Trainee: 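Once you've had a glance at the structure underneath, I'll fire off some questions.
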Number of protein chains: 2
Amino acid sequence: MPNADTKTRIMDVGETLFAERGYEATSLRDITGKAGANLAAVNYHFQSKEGLLSAIFQRHVGPVNRERLLVLDAIEARASKRPPNVEKLIRAFLAPAFARRRERGADGARFMQLAGRMHSETNERLRSLLLDQFEEVAKRFGKAFSRALPHLARDEVSLRVHFLIGAMAHTLLWSDTMLGFESRKRRNVEPEEALESLVRFTAAGMTAPVAPRSEEGRR
Amino acid sequence: MPNADTKTRIMDVGETLFAERGYEATSLRDITGKAGANLAAVNYHFQSKEGLLSAIFQRHVGPVNRERLLVLDAIEARASKRPPNVEKLIRAFLAPAFARRRERGADGARFMQLAGRMHSETNERLRSLLLDQFEEVAKRFGKAFSRALPHLARDEVSLRVHFLIGAMAHTLLWSDTMLGFESRKRRNVEPEEALESLVRFTAAGMTAPVAPRSEEGRR
DNA sequence: GTCTATAGCATGATAGAC
DNA sequence: GTCTATCATGCTATAGAC
């Protein structure tokens, strides 16, 4: 959308470059140059580089997280007393992010990549951008997974949720340019295909038995 | 080790800062300052900032990947004709990285974090640093997983390996300062505990049935 | 092998005209 | 709201003395 107003154009380009190269590796000059805007416009509209990232991130993550919570509401209303189904919980968590990609085309793909990247961001200030946005989702889904997996220790559930998030973040970041693991050939992965496969994988992982199948495989 | 020679001190500090803040966010001045070395020393010993990262990375990843391949050799020798056991393959891939942490203490923990971070590096030049080092491991383990999961399509195996790597990378990056998913309380996770849990999770994921349990959970 | 000094350029941010 | 010009600082890298 090269005809959008300056503020939007900056956000669009910023989204692309932050997603492709990362926050630190992208300069405001890169962004304003590509957006056909003046360098000073970033500070005028967003106060700072961090402000720009924040605005970009919230544009997508707000709707995605609202959708996640809506689906979770529906699941809990239907399950009411019984513990919720793990695969449904996982799908409620993952599908809205992948759906946004389908709905928004290139825009959505860029957001997915940026979101994946933010999960490995360790800068405290940038990280709290992400954590603030996820506070309610984290709390609600954490509780739901604990209820759905009552036989697991709390810490074990927490670990497994981290694995789920890691697998998701990696998929969001790379599914556009995924490399074959054996050869280095690139291939694109359809978001729907990646989602279905990821749900299967993580649902099996979350519900895995606590006691290892055999304790001799250790060597 | 504040008494090591300059070259080693630079590598140690570089490892710490690259792991904590990322490559782009760390300057050579940060490194040489903390290492009590001269700014020019980096270029003298390592030619460039990239050269330093490369040296740091190879110091650990070489031994880890050699160990991975040794264990894989043993598994394939024992299984010979039959397809190898998936959980053993996973353990062969994951355990050497976690073992290095146990053996090397703080050094190993820093390396784990750096390694986790490299998996979400998209800079082509830095990324090929990682891919070059992993070429043989990727090829051998890719083949082994395909043999161990003959009922799955090649692309499905490849996707699942990516999920495995994503879960691993996230765990390597965060296990030192893992946040509870519900509350934001930090807690440290013992590497052994994380490894065992990760193996269980990913073994279940890799061996998950292809056909979804029920196709109505879609909504 | 280590130092100082500096080249040469990029950075985020802002002041102030229009 | 957009521009130019510029500040102050940071960056990687190198030349050359010791």
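Below, chains carry the letters A, B, ... as their sequence lines are ordered, and counting in each starts from 1. All values derive from a computational prediction rather than experimental measurement.
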Trainee: Which pairs pass ring pair (Phe, Tyr, Trp, His ring centres under 6.0 Å) with one or both residues in residues 115-134 of chain A, sequence neighbours excluded?
Mentor: none
Trainee: For the helix from C/dG1-D/dC18 to C/dC18-D/dG1, what is the angle between the axes at its two ends, each from 5 pairs, rounded to 10°?
Mentor: 0°
Trainee: How would you list, by chain and number, every residue that makes a salt bridge (Lys or Arg N to Asp or Glu O under 4.0 Å) with B/Glu20, sequence neighbours excluded?
Mentor: none
Trainee: Which residues pass the side-chain contact (heavy atoms from CB on, under 4.5 Å) test with B/Pro191, not counting sequence neighbours?
Mentor: B/Phe98, B/Arg101
Trainee: Rounded to whole angstrom units, what separation is found between the CG atom of B/Asp30 and the C1' atom of D/dT12?
Mentor: 13 Å
Trainee: Of the residues in residues 34-46 of chain A, which ones touch DNA chain D at a heavy-atom distance under 4.0 Å?
Mentor: A/Asn38, A/Ala40, A/Tyr44, A/His45
Trainee: Ignoring hydrogens and angles, write down the donor-acceptor pairs under 3.5 Å from the side chains of residues 57-65 of chain B, residues two or more places apart or on other chains.
Mentor:
residue, atom, partner, partner atom, Å
B/Gln58, NE2, B/Ser54, OG, 3.2
B/Arg59, NH1, B/Asp12, OD1, 3.2
B/Arg59, NH2, B/Asp12, OD1, 3.3
B/Arg59, NH2, B/Glu15, OE1, 2.9
B/His60, ND1, B/Arg100, NE, 2.9
B/His60, ND1, B/Arg100, NH2, 3.3
B/His60, NE2, B/Glu15, OE1, 2.9
B/Asn65, OD1, B/Arg68, NH1, 2.8
B/Asn65, ND2, B/Gln133, O, 3.2

Trainee: Applying ring pair (Phe, Tyr, Trp, His ring centres under 6.0 Å) as the test, list every pair that has at least one member in residues 27-48 of chain B; sequence neighbours left out.
Mentor: none
Trainee: Tell me which residues in residues 18-27 of chain B lie within less than 4.0 Å of DNA chain C, going by non-hydrogen atoms.
Mentor: none
Trainee: For B/Glu76, which residues count as a salt bridge (Lys or Arg N to Asp or Glu O under 4.0 Å) partner, sequence neighbours excluded?
Mentor: B/Arg140
Trainee: Which two nucleotides bound the region of DNA chain C that has atoms under 4.0 Å from heavy atoms of chain A, read 5' to 3'?
Mentor: C/dT11 to C/dT14
Trainee: Can the positive tip of A/Arg117 be found less than 6.0 Å from the middle of the six-membered ring of A/Trp174, inside 45° of the ring normal?
Mentor: no
Trainee: Taking only distance into account, with no hydrogens and no angle test, what donor-acceptor pairs under 3.5 Å do side-chain atoms of residues 22-31 of chain A form with protein atoms, sequence neighbours excluded?
Mentor:
residue, atom, partner, partner atom, Å
A/Tyr23, OH, A/Glu50, N, 3.2
A/Thr26, OG1, A/Leu17, O, 3.3
A/Thr26, OG1, A/Gly22, O, 2.7
A/Ser27, OG, A/Arg29, N, 3.4
A/Ser27, OG, A/Asp30, N, 3.0
A/Ser27, OG, A/Asp30, OD1, 3.4
A/Ser27, OG, A/Asp30, OD2, 3.3
A/Asp30, OD2, A/Arg21, NH1, 3.2
A/Asp30, OD2, A/Ser27, N, 3.2

Trainee: Any non-hydrogen side-chain atom of B/Leu172 less than 4.5 Å from a side-chain atom of B/Met168?
Mentor: yes
Trainee: Decide, yes or no, whether a salt bridge links B/Arg91 with B/Glu196 under the criterion of side-chain N to carboxylate O below 4.0 Å.
Mentor: yes
Trainee: For A/Ala153, enumerate each residue passing the side-chain contact (heavy atoms from CB on, under 4.5 Å) test, keeping only those at least two apart in sequence or located in another chain.
Mentor: A/Glu156
Trainee: Does B/Glu136, at its CD atom, have more than 12 non-hydrogen atoms belonging to other residues, nucleotides or ligands within less than 6.0 Å?
Mentor: no
